[in-house]
Structure formats: structure tokens, C-alpha cells
Protein chains: 2
Amino acid sequence: MILETALRMFRERGYADTTMRAIAKEAGVAVGNAYYYFDSKEHLIQGFYDHMQGAHRVAAAPVLDGEREFAARLRGVLHAGIDVNAPYHSFAATFFKTAAEPTSPLSPFSRQSSPARDASIGIFRDVMEGSTAKIDPELRVHLPELLWLAWMGVTLFWVYDSSPEQRRTRRLIDGVVPLIDRLVGLSRLRVLRPALRQVLELLDNVRRDD
Amino acid sequence: MILETALRMFRERGYADTTMRAIAKEAGVAVGNAYYYFDSKEHLIQGFYDHMQGAHRVAAAPVLDGEREFAARLRGVLHAGIDVNAPYHSFAATFFKTAAEPTSPLSPFSRQSSPARDASIGIFRDVMEGSTAKIDPELRVHLPELLWLAWMGVTLFWVYDSSPEQRRTRRLIDGVVPLIDRLVGLSRLRVLRPALRQVLELLDNVRRDD
DNA sequence: GGGTTTTCTTGAACGTGTTCAAACAAGGGC
DNA sequence: GCCCTTGTTTGAACACGTTCAAGAAAACCC
């Protein structure tokens, strides 16, 4: 009940303008009680994350069910992601700062976010596996995560996008999907094998934590 | 005087643990006076930005003066950037959130940051122009900005990098520079012209603000 | 039912960034 | 010298996120 109230008020009045006192009052509890269930105001946003992740899955379903071509699948899923987030653009901008902090549990790379992250990567695995594209086997292992990373990039761009209705983000998606599609298609060419290896090796190196 | 005091205290005790009251007291003024000269606590960080930008320029100079090869120049400049930022890694992580907010004047994309941004892009123009690399003329126009964008990406990675001495960031630089070098070299190949055009057109489309 | 422990709930209080009316200082014109 | 304007400086006051000692309710045990 506290969570629903909070998310509704965030949507209506923005994150910064919604005080914990107001949330508690509206939910009919004492302010201290809200802190009994949620460690901080930021933690209330985690619920928003999960909700958005589920909505993306739902919005992407028609595309994933009806389309077999890799580029069309990817494009559809990315646009679907922007679709579901669109109503929250101004809200997202105000709380993005808290999600951006590396030590925050709200960071998309944090351990607390890993369920939502894994689910999101799953969508992009679906994009790949349900498509007719022939993909280099070494690339197949990492591609879902790479696509998720691209999605994070698109999201980052979207947060900063101040154009009307975030049209620049739409253009970014339409422009970048063919490039990714082309690169993925080229991945099986023998001449580009060394380059691909180089990229994947870089990924492994960068992930290594020592 | 207020600015110097603030930056020193940020460095010594971290951003969050340094209160405006403490800064004012240490600087020998009333707290309201600090707000007369700086709109907010965040604005005190702009001075830090400018300082870092200058230090990067200085640290990059030996490389830019002594090295002619494109890859070596880029690699040296990126490592120099990490070198000067290294002492402030934990500090940077705590105030990064305020810089990440799209509407914040501290955002690297904001108008207030444009002097520092232009200066930084200038470094990468120098990387390009001082090198012996033969670069497609269409690419030449945009490459400095693209390299700056890559530098922003490296910085983003660095902020999130929790490995000892941020070694992963070092590996990222060493791995990504050869890739960029290869791409830049390939940019003049006739067969890749359409792909390059596609990328540059995407950039223009995305920049267009309508 | 009575006693004990655990879970939940409360709201005053703390420290924070920030604001603002009021006071003070520095010129500038005559 | 005196007024007026403009630029500075002050610190109390405000609203906020958060904490915590204290109490209420629930669950559990015999």
C-alpha cells in the first residue's frame, strides 16, 4: 500500500516534489513506518523498476511472436521499451541521478538489480534466438548481454533526450539497429574473425575483476 | 576562497560528509554568503571540473608532443586522463550522481559545461591532427567529438570500476584503442564508404533537435 | 488466560541544503 | 557631509530525509 501510494504520487507530482511525509500521510501511516518497510526513499523506486521491466516484456511480446527477422525484432523491442517508459520521461529524469550512483542499489549494474537485469537480458536472448539470423557461435554467447548494453545506452540517451516526444531517441534506434544488424551478419565472415575475437576478448578482459 | 576551501574539504572528507556549514565556517563566512556566490552545493563542483580539464591537458602534453602514431596518441591521452582523475576516484563516485542528472548544469552535456567540453574535444582534435594517420575527410569533421564521446564512455566505466586501482579501466583503454584505430584506418576503404556514411548520417539525425 | 518475545507503529527530534528579510558596506552624485 | 543605490553579509528559519526510544499489537508458549 505504501509502495502503490508512493509510485502514484511520484507519477503525479514528480520524485523530488513528493515528500516522505506526504506519502506516509496519504497512505495512512506514520513516516517512521514507511522506513520500517523501505530503507530509504530511493528504495521505493525499485518497485518502479520491476514494474517497468514487466511492462517491457508485455509490450515486446507481439513483436517477438510475430516477427522472425533479427533487425525487425530488435527494432520492435527497443521501440516497445521506449513506448512503455515514455509516460515517465520527466519523472525518470529526476530520479535518474539516484540510479546513476555507482554504490546505489538502484544502479542497473548492482546486485540488487540483477533479477530485473537478468529478465531484461532474457528479452534480448529471445530477440536473438527467435530470429532467422545466422550468428557466429562465439558471438551467440555474448550477444544478448551486448544487446542489453545497447539498450542501456539507448535508455541513457533517452533520459537526456529533450526533443519533443523524444524523437531523437526514435531516430537513434532506427539508425543504430541496421548497423547492429549488419555487424551481426558480418560476424560469420572469415576475414572478420580476428576482429570479432578481439572484441570478445576485450569483453572478457574488462569483466575480469583483478 | 570559498571554492578552494570547499574543494579541499571535498577531497579530505568526501562530498556528502562536507556540509555547507562546515565549508562556510572554515572559509570564515556565513553560510548564506556561500550561497551568494554559488547557487548550490553542486555548483562548487564546477570548479573541480575545470581544474581536472586543465590537468588532463597538461598530463597529455608529453604524449601529444612526442608521439606521431594515432593509436599511441589516443592511448596516451586516455591513460593520462585516468592518471589525473585517479586520486579522486572515491570522491568522483559520490558526486557523480549530481553530474548525471540531465537537468543539472554539471552534466557534461549541459550548456554550462560547454567551455570545459570544448576544451576537452580540443585535446582529441589535437590527437587526430598531430597524427600521421590518413583519415577520411568526412570522418575528420566528426572524429574529435566521437573520440570525446568515447572518453566519456571510458570515464563512465571508470566511475563504476571497483577493481583495485581501476585496472579494468586500463584494460578497457588498451583493448578499445586498437579497435578504434582499426576502424579509423578502414574508414578510407571504398567498400566501407556506405557504412561510414550511414554512421555519420545517424549522428546528424540524432543531433537534429526536432 | 497469563507471561514473554517478536513484530509493528508512532511522532518527536536531528542534521542537512537552502532561503530570506534584515543589516551592513561601498561607492556616486550633489 | 548626506542621501540613494547597489552590492555584500548575516544567521535564524524552513522543509526535507532519516533516526530512534518508546509504546502498541501480535504471536507464541505453557
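Reminder, nothing fancy here: chain letters follow the sequence lines and each chain counts from 1.
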Exercise. Take nucleotides 5-13 of chain D nucleotide by nucleotide from the 5' end and write B, S or -, depending on whether a protein heavy atom sits under 4.0 Å from the base, only from the sugar-phosphate, or from neither.
Key: --SBBBB-B
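At a threshold of 4.5 Å between non-hydrogen side-chain atoms, the residues B:Glu165 and B:Arg170 do not count as touching. Looking at A:Arg68 and A:Ser131, their side chains never come closer than 4.5 Å, going by heavy atoms from C-beta outward.
Side-chain contact annotation: B:His79 with B:Asp174, donor-acceptor N/O pair under 3.5 Å present. Side chains of A:Arg182 and B:Gln198: a donor on one and an acceptor on the other come within 3.5 Å.
The NZ atom of A:Lys41 sits 8 Å away from the P atom of D:dT18 (whole-angstrom rounding). Remark: C1' of C:dT9 and NZ of A:Lys25 are 18 Å apart, rounded to the nearest angstrom. One interatomic measurement links the two molecules: OH of B:Tyr35 to P of C:dT16, which rounds to 12 Å at whole-angstrom precision. Here D:dA15 presents its P atom at 14 Å from CG of A:Asp17, a figure rounded to the nearest Å. What separates CD1 of B:Ile23 from P of C:dG15 is a distance of 18 Å, to the nearest Å. One atom, CE of A:Met20, and another, P of C:dG15, lie 20 Å apart when rounded to the nearest Å. A:Glu42 has its CD atom 17 Å from the P atom of D:dC16, to the nearest Å.
When ring centroids are compared, A:Trp148 and A:His142 stay outside the 6.0 Å threshold.
A:Arg8 and A:Glu12 are joined by a salt bridge, as a carboxylate oxygen and a charged side-chain nitrogen come within less than 4.0 angstrom of each other.
Rounded to 10 degrees, the angle separating the terminal helix axes of the helix from C:dG1-D:dC30 to C:dC30-D:dG1, each built from five base pairs, is 10°.
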Quiz prompt | A:Phe10 vs A:Phe48, ring pair (Phe, Tyr, Trp, His ring centres under 6.0 Å): CA-CA, chis, key distance, verdict | solution = CA-CA 10 Å; A:Phe10 287 164; A:Phe48 177 76; 8.5 Å; no
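Of the residues A:Leu147, A:Val63, A:Thr155, A:Val177, the one that meets the side-chain contact (heavy atoms from CB on, under 4.5 Å) test with A:Leu78 is A:Val177.
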